[in-house]
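Data first, discussion second: the structure below is written as structure tokens.
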Number of protein chains: 2
Amino acid sequence: MAVSFEELTKELKSKNIRLSHQRLKILEFIYNNKIHPTVDEIYKEIQKEIPTLSKTTVYNSLNALIDAGLVKVITIGEHESRYDIVTENHGHFKCDSCDKIIDFEIDIDAFASKELKDFEIIYKDVYFKGLCPDCNKMKNKNLK
Amino acid sequence: MAVSFEELTKELKSKNIRLSHQRLKILEFIYNNKIHPTVDEIYKEIQKEIPTLSKTTVYNSLNALIDAGLVKVITIGEHESRYDIVTENHGHFKCDSCDKIIDFEIDIDAFASKELKDFEIIYKDVYFKGLCPDCNKMKNKNLK
DNA sequence: TTTCTAACTTGAATTGATTACAAGTTTATT
DNA sequence: AATAAACTTGTAATCAATTCAAGTTAGAAA
């Protein structure tokens with residue numbers, strides 16, 4: 001993790017958010033596995049280490065981490081939410097075939113529109129959808 | 001409507017999609033009210049004209065219109081889907097306070113990233129969130 | 001026009017992600 | 001060690017969205 005445990009806890013204390021064992025594990029998992037996991041994927045993985053884990057805790061923890069500004073929700077899939085660590089601006093590409101979400105570099109801030117000068121913009125997301133290189137290759141092969 | 005009824009039906013026929021009375025009303029409503037409505041808003045409105053309307057029909061119709069490329073889903077809100085007519089590139093700003101979704105001009109195609117050259121990109125969405133001018137003004141007033 | 005079939009509509013039942021709630025547990029602080 | 005607030009847990013509830021089966025509609029073919 002980029003920030004130390006102490007720094008993190010201190011930063012969170014101002015918001016009355018505790019970095020409990022469960023929450024730390026969840027944060028670690030998202031940080032170490034940049035796969036934009038669903039709640040279910042997080043739950044199943046952490047449950048291996050904490051067998052008493054409840055799914056409600058995963059939801060609660062994620063919401064706490066979101067409030068703390070450490071995690072963000074990706075609503076690119078129409079149904080299940082997926083979660084990502086908050087980092088510099090990047091866009092998300094979701095493959096309609098294999099459901100993978102792939103990061104790509106993008107300077108979202110370059111989009112400062114004059115139209116939005118009176119708006120307070122807090123989040124910026126760029127979502128692309130289509131076929132990833134692997135699935136695209138597969139499709140072209142099958143057409144031959 | 002920009003396209004005539006005949007053109008539309010013909011265009012849809014190739015996909016075996018009929019532009020039924022219900023579907024036409026739903027399409028008209030989305031086209032005439034650029035409020036990015038929820039299924040419930042559409043249902044309640046069209047029900048005034050077609051009292052026997054079922055919510056399943058609204059879902060079915062929207063999905064058919066999406067397949068036909070006439071309507072698109074906006075997943076900017078974490079829960080309910082919202083629907084929009086397909087037009088030129090524009091971004092969506094969602095106000096976290098009043099929940100309104102506001103269009104803004106943006107040249108999404110300018111984002112052609114070299115990173116994505118092997119991807120087949122079918123949809124591009126830009127979602128911003130924060131406070132709209134009205135809610136922003138209100139907040140600043142209350143802070144004084 | 002009549003017939004036929006595929007597409008469509010409808011409402012009830014179901015699914016599945018997410019939240020609400022209440023009871024017990026943990027943790028930081030005094 | 002005592003206290004209180006935050007946290008975890010499992011169950012129950014919520015609610016958007018889908019499935020399903022039966023009846024209806026509409027357009028193509030005869």
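Proteins come first, then strands; the chains are lettered A, B, ... in the order of their sequence lines, and each starts at number 1. If you're wondering where the values come from, they're calculated on a predicted model, not measured in any experiment.
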For [X], give me all partners under side chain to side chain contact (heavy atoms under 4.5 Å, CB included), at least two apart in sequence or on another chain.
X	answer
A:Arg23	A:Ile17, A:Leu19, A:Ser20, A:Ser61, A:Ala64
B:Tyr123	A:Lys129
B:Asn33	B:Phe29, B:Ile35

Set of salt bridge (Lys or Arg N to Asp or Glu O under 4.0 Å) partners for [X], sequence neighbours left out:
X	answer
B:Lys15	none
A:Glu41	none
A:Glu45	A:Lys48

With a cut-off of 3.5 Å and sequence neighbours excluded, list every side-chain donor-acceptor pair involving residues 66-77 of chain B.
{"residue": "B:Lys72", "atom": "NZ", "partner": "B:Asp125", "partner atom": "OD1", "Å": "2.7"}
{"residue": "B:Thr75", "atom": "OG1", "partner": "A:Thr75", "partner atom": "O", "Å": "2.7"}

In terms of heavy-atom contacts, does NZ of B:Lys13 have more than 12 from other residues, nucleotides or ligands at under 6.0 Å? no
Looking at A:Glu105, I want to see if its CD is surrounded by more than 12 non-hydrogen atoms of other residues, nucleotides or ligands under 6.0 Å. no
My understanding is that only residues two or more places apart in sequence, or in another chain, count here; which of them pass side-chain hydrogen bond (donor to acceptor under 3.5 Å, both in side chains) with A:Lys94? none
Counted 5' to 3', the first and last nucleotides of DNA chain C within 4.0 Å (strictly under) of a heavy-atom of chain A are C:dA17 to C:dT29
In residues 47-63 of chain A, which ones come under 4.0 Å of DNA chain C, going by heavy atoms? A:Thr56, A:Tyr59, A:Asn63
Which residues in residues 13-21 of chain A have a heavy atom closer than 4.0 Å to any atom of DNA chain D? A:Asn16, A:Ile17, A:Arg18, A:Ser20
Specify the angle, to 10°, made by the local axes at the two ends of the helix from C:dT1-D:dA30 to C:dT30-D:dA1 when five pairs are taken at each end. 30°
Should the pair A:Tyr127 and A:His92 be assigned to parallel (<30°), tilted (30 to 60°) or perpendicular (>60°) ring geometry? tilted
B:Glu80 CD - D:dA17 P separation (whole Å): 6 Å
Spacing of B:Leu24 atom CG relative to D:dT25 atom C1', expressed in whole Å: 16 Å
Contact under 4.0 Å: A:Arg23 side-chain N or O vs D:dA6 OP1/OP2: no
Tell me the closest heavy-atom pair linking A:Ile30 and A:Ile85, and the distance in Å. CG2-N, 3.7 Å
Is it the case that the side chains of A:Asp118 and B:Asn136 hold a donor-acceptor pair, with the cut-off being a distance below 3.5 Å and no angle test? no
Applying a 4.0 Å non-hydrogen cut-off, can you work out what A:Ser81 is touching in the nucleic acid: base, sugar-phosphate, or nothing? sugar-phosphate
